[in-house]
Number of protein chains: 2
Amino acid sequence: MSEDAFLATYDPSAYGRLALTVDVVLLGLRDGRPAALLLKRDEPPQAGLWALPGGFVGVAETLEAAADRVLREKAGLSGLHLEQLYTFGAIDRDPRMRIVSVAYLALLPETAFAAAARNGAGLRPAVIEVPWAGEAGGPVAVRAPEDGQERGPLPLAFDHADILALAILRLRGKLDYSSVGFALLPDRFTLRQLQDVHEAILGTALNKPAFRRRMLDRGWLEPTGARAAGTSFRPPELYRFRQPR
Amino acid sequence: MSEDAFLATYDPSAYGRLALTVDVVLLGLRDGRPAALLLKRDEPPQAGLWALPGGFVGVAETLEAAADRVLREKAGLSGLHLEQLYTFGAIDRDPRMRIVSVAYLALLPETAFAAAARNGAGLRPAVIEVPWAGEAGGPVAVRAPEDGQERGPLPLAFDHADILALAILRLRGKLDYSSVGFALLPDRFTLRQLQDVHEAILGTALNKPAFRRRMLDRGWLEPTGARAAGTSFRPPELYRFRQPR
DNA sequence: CCTCTTATTCGCATTGTGCGAATAACTAAG
DNA sequence: CTTAGTTATTCGCACAATGCGAATAAGAGG
């Protein structure tokens, strides 16, 4: 920004009532479907609706630090990889005042996702239902995993449905040319698990031999030599993700 | 964001001094190289340095409306397609106060780019020099187009070098799976011009038959039947961009 | 040792792309 | 009108990436 604009137009009373927040999409998988951790609001406005964990950005706090703090305070998590998604600035996205929010995405492996849902902070997993294919975009719905279709979707607060939709869109777009997929897996995993992650995010079935070949050719997978236990048939090899180069 | 955080932590004196701005990368081509329109700052801080056009976001103004207003006020342009790039929130990116800025990207065809540089608003074209290949990322430098290497790069204000770098990165990433490239061309254009745009953005030479085939197969090009004039050899066919589907 | 089930590999067709060379087409000069 | 000059446009072929069905391998458990 240029300071002429500042000097010419800055009026504290006009600009002082704009607040900045961060909202974090805590995304993981639940029963092979993408899911996010949500909080049920218990005060108006939008009491009873479900919202992403979020919080105000302090004046001496970077956006990433604010998102990290939200993660720590509301989910007991720290050190997660955060990716900025988009900044939402509709005038009336929050009925109380003008609030602009920077949305972040954090990915959780299945066990950490389940653990965060159990740690008492009130976060509840909600399966994300994506009614569009590919990267078409559009609204998404969320549903409590134990509820069937008859319970209807969970109502989302503010514009959080848009934020969730964007998280899915971004993830789909980056999935096969980046290594984001591994962030949803434990340290050691099988190729089938990796394919399950991709299929859950993309919402489509993938061809097994082709997927395996593609992933191995990427050079990101390091065989551990160990095999998964607990199967009553041939156990698959366990791989580890190794940062490219 | 959730309101518990608001109630628990909101302190007007602590949060009131955070300001929100938009900065707009006005990107076009100049002599076959990517270039942006910049303003020379004439007041401290950072007087004499070059900055992106930007301005504060009004309390009753969406981010896009603010960016649009900046375009109108500072470049005399309106109705351009704007794409949100990223939100920059480093604590000390502006020495005066805490300012978070949402960066937008607007693309100008070559004639509109040149016209905007001439309309008296003080915008000057600056060629962007990208020292990295592909989507590696990293810093970029800008240079006045008429200056040679001996004049050195133009000094950029604040974190605007990062914003420009991100604009290039985003453009490179979207170039061959989206139709952004057409925004840098006039209404009717030849395949060679389209290839020149791609080569300028990507910073690499492309194979002509393959490029032509790829573009025609996309289904975005509609032959006009007319041919470019003014050549002293076989004139190429002019195409028009037609929105897919 | 045999069966069951999944892991892993093979073979082949199809598609997308790189690239050099050939052909077509228009302008301008003679 | 003919010819040279220059670029546009198309061809032909090699090669890499991928989809997909089928074959083969391997470990668990009886």
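Below, chain A is the first sequence line, B the second, and so on; all start at residue 1.
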Can you find a donor-acceptor pair, distance only, under 3.5 Å between B/Arg213 side chain and C/dG18 base?
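It does, because a donor-acceptor pair links the side chain of B/Arg213 to the base of C/dG18 below 3.5 Å.
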Check whether any side-chain N or O of B/Arg212 sits under 4.0 Å from OP1 or OP2 of D/dA8, and answer yes or no.
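So the side chain of B/Arg212 is outside the cut-off, no N or O lying under 4.0 Å from OP1 or OP2 of D/dA8.
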Counting only side-chain nitrogens and oxygens, does B/Lys208 get under 4.0 Å of the OP1 or OP2 atom of D/dT9?
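Checking B/Lys208 against D/dT9: no side-chain N or O falls below 4.0 Å of OP1 or OP2.
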Would you kindly give the [atom1]-to-[atom2] distance between [X] and [N], to the nearest whole Å?
X        : N      : atom1 : atom2 : result
A/Leu191 : D/dA25 : CG    : P     : 20 Å
A/Arg214 : D/dA16 : CZ    : P     : 18 Å
B/Met215 : D/dT10 : CE    : P     : 16 Å
B/Arg218 : C/dT17 : CZ    : C1'   : 11 Å
A/Leu206 : D/dC20 : CG    : C1'   : 13 Å
A/Asn207 : D/dA22 : CG    : C1'   : 12 Å
A/Phe211 : C/dT9  : CZ    : P     : 15 Å
A/Gln195 : D/dG19 : CD    : P     : 11 Å

So if I take every side-chain heavy atom of [X] and compare against [options], which nucleotide ends up nearest?
X        : options                : result
B/Pro209 : C/dC26, C/dA21, D/dC20 : C/dA21
A/Phe233 : D/dG19, D/dA28, D/dG27 : D/dG27
B/Arg192 : D/dA8, D/dG27, C/dC26  : D/dA8
B/Ser232 : C/dT27, D/dT18, D/dC11 : C/dT27
A/Arg234 : D/dA25, D/dT9, C/dA21  : D/dA25
B/Pro236 : D/dG29, C/dT5, D/dT9   : D/dT9

Taking the nucleotide of DNA chain D with the nearest heavy atom to each, does A/Asp217 or B/Arg227 sit closer to the 5' end?
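On the 5' side of the pair lies B/Arg227.
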Measuring from B/Leu171:CG to B/Leu166:CG, what's the distance to the nearest 0.5 Å?
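Going from CG on B/Leu171 over to CG on B/Leu166, the span is 10.5 Å.
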Rounded distance [0.5 Å steps], CZ in B/Phe88 versus OG1 in A/Thr87
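One finds 10.5 Å between CZ of B/Phe88 and OG1 of A/Thr87.
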Determine whether A/Gln195 and A/Arg212 satisfy the following criterion, side chain to side chain donor-acceptor pair (under 3.5 Å), listing intermediate values before the conclusion.
CA-CA 8 Å; A/Gln195 183 172 351; A/Arg212 150 185 297 269; over 6 Å; no
Proximity of A/Phe189 and A/Phe182 rings by center, below 6.0 Å:
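That pair passes the under 6.0 Å test.
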Any Lys/Arg nitrogen of A/Asp23 or A/Arg93 sitting under 4.0 Å from an Asp/Glu carboxylate oxygen of the other?
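Yes, this pair counts.
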Return whichever of A/Tyr239 or B/Thr231 has its heavy-atom-nearest nucleotide of DNA chain C closer to the 5' end.
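The answer here is A/Tyr239.
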